[in-house]
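Encoded as structure tokens, the structure appears first; notes follow it.
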2 protein chains.
Amino acid sequence: MSKVKETSTNFANKMALADECPEAYASNIIGGQWTLVICSWLMQGKLRFSELKNLLPNITERMLTLQLRKLEEHKLVKRTVYAEVPLRVEYELTSIGYALKPIIKQLEDWGVKHRAEVGG
Amino acid sequence: MSKVKETSTNFANKMALADECPEAYASNIIGGQWTLVICSWLMQGKLRFSELKNLLPNITERMLTLQLRKLEEHKLVKRTVYAEVPLRVEYELTSIGYALKPIIKQLEDWGVKHRAEVGG
DNA sequence: CAGGATCCAACATGATACTG
DNA sequence: CAGTATCATGTTGGATCCTG
């Protein structure tokens, strides 16, 4: 990491860990409340806004929008707007988004195991 | 999942997803800002409070305490207090905590890849 | 249909000071 | 050393209403 001038009052060190550490970096991207769940559904193919909303019964439209925007920003999903009436918007995973698959798999395995052992 | 009385105004559905879905369940447990980073360090062995604090330069004592308590609650770490002067407290992973290793590994790999493709 | 805008409550987190 | 207590603030997320 680059040295920080000692005279500065050390702003900006917040992301220092993420800068160094791939797992913290990754965690910042996919750590959101809904990120993995959304990606998990999208693994099976494109979905429309309303389809996602129905698959995620607990999410508000607002949150879904925000989450999808974040995923788009991080290039995990691609958003396609079809100029039809009524409007249609589809979301699909990018290659790097699709690369989350093994993580999700491991996470599922661990979740099952943890629930069995600890019994959440 | 058990049926919810239609007459009820549907509180409590918040955790419905986590109830069903192992990956959401897992994500709720390890999704915290610091969880994975702390566990990652503990993979290499026991650590004291102050050691962890020094390894996580951006964390406040308060946060570290909170996070460790949460990890303890979820049985990911074990806390051992040694009645010495000065006081010594050590944290170590439980077996289910240690089982996070493949997840962390996958996450690191993905982080590296994402950073290479998308570029911070 | 797929959001955007606005307002507000709840929670997460930092700063600071104190303790067994 | 390893915390706890308290206050202050920022961020998140829900509710509601509006729009291309």
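Per chain, numbering begins at 1; letters A, B, ... match sequence-line order. This one's a predicted model, so the numbers in the text were calculated from it and none came from an experiment.
- Atom P of nucleotide D:dG3 and atom CG of B:Leu66 are separated by 12 Å, given to the nearest angstrom.
- In this entry the distance linking CD of B:Glu61 with P of D:dT4 reads 10 Å, nearest Å.
- Protein atom CD1 of B:Ile59 is 15 Å distant from nucleotide atom P of C:dA12, rounded to whole Å.
- Between the NZ atom of B:Lys53 and the P atom of D:dC1 there is a distance of 9 Å, given to the nearest Å.
- The existence of a salt bridge linking B:Lys113 and B:Asp109 is excluded, since no basic side-chain nitrogen approaches an acidic carboxylate oxygen closer than 4.0 Å.
- Among the nucleotides C:dG3, C:dT13, D:dG3, the one closest to any side-chain atom of B:Gln33 is C:dT13.
- Within 4.0 Å of A:Tyr82, counting heavy atoms only, lies no atom of the nucleic acid at all.
- Closest contact between the side chain of A:Gln67 and the listed nucleotides D:dC1, C:dG3, D:dG13 involves D:dG13.
- Comparing D:dA2, C:dG3, C:dG14 by their closest approach to the side chain of A:Phe49 singles out C:dG3.
- Each of B:Glu51 and A:Leu87 was matched to the nucleotide of DNA chain D holding its nearest heavy atom; the match closer to the 5' end belongs to B:Glu51.
- Listed pair A:Arg79 / C:dA2 fails the phosphate criterion, with no side-chain N or O lying under 4.0 Å from OP1 or OP2.
- Atom pair B:Trp34:CH2 and C:dA12:P shows a separation of 16 Å (rounding to whole Å applied).
- For B:Arg62, the side-chain atoms get nearest to C:dG14 when compared with the rest of D:dT4, C:dG14, D:dG14.
- Here the nucleotide nearest the side chain of B:Val89, chosen from C:dA15, C:dG4, D:dG3, is D:dG3.
- Between A:Glu61 and A:Lys53 the shortest side-chain heavy-atom distance falls below 4.5 Å.
- Residue B:Thr60 places its side chain closer to C:dG14 than to any other of C:dA2, C:dG14, D:dC1.
- Note: CE (B:Met63) to C1' (C:dA12) measures 7 Å, nearest angstrom.
- One finds no side-chain N or O of A:Thr65 lying less than 4.0 angstrom from the OP1 or OP2 phosphate oxygen of C:dG3.
- Atom P of nucleotide D:dG3 and atom CG of B:Leu47 are separated by 13 Å, given to the nearest angstrom.
- Taking the side chain as every heavy atom from C-beta outward, B:Ile30 and A:Leu107 approach each other to under 4.5 Å.
- Between A:Glu117 and B:Ser95, the closest side-chain pair of non-hydrogen atoms falls below 4.5 Å.
- A:Phe49 and A:Tyr91 have tilted rings, their planes meeting at an angle from 30° to 60° on a 0 to 90° scale.
- Taking atom CG of residue A:Leu64 and atom C1' of nucleotide C:dC1, one finds them 13 Å apart after rounding to whole Å.
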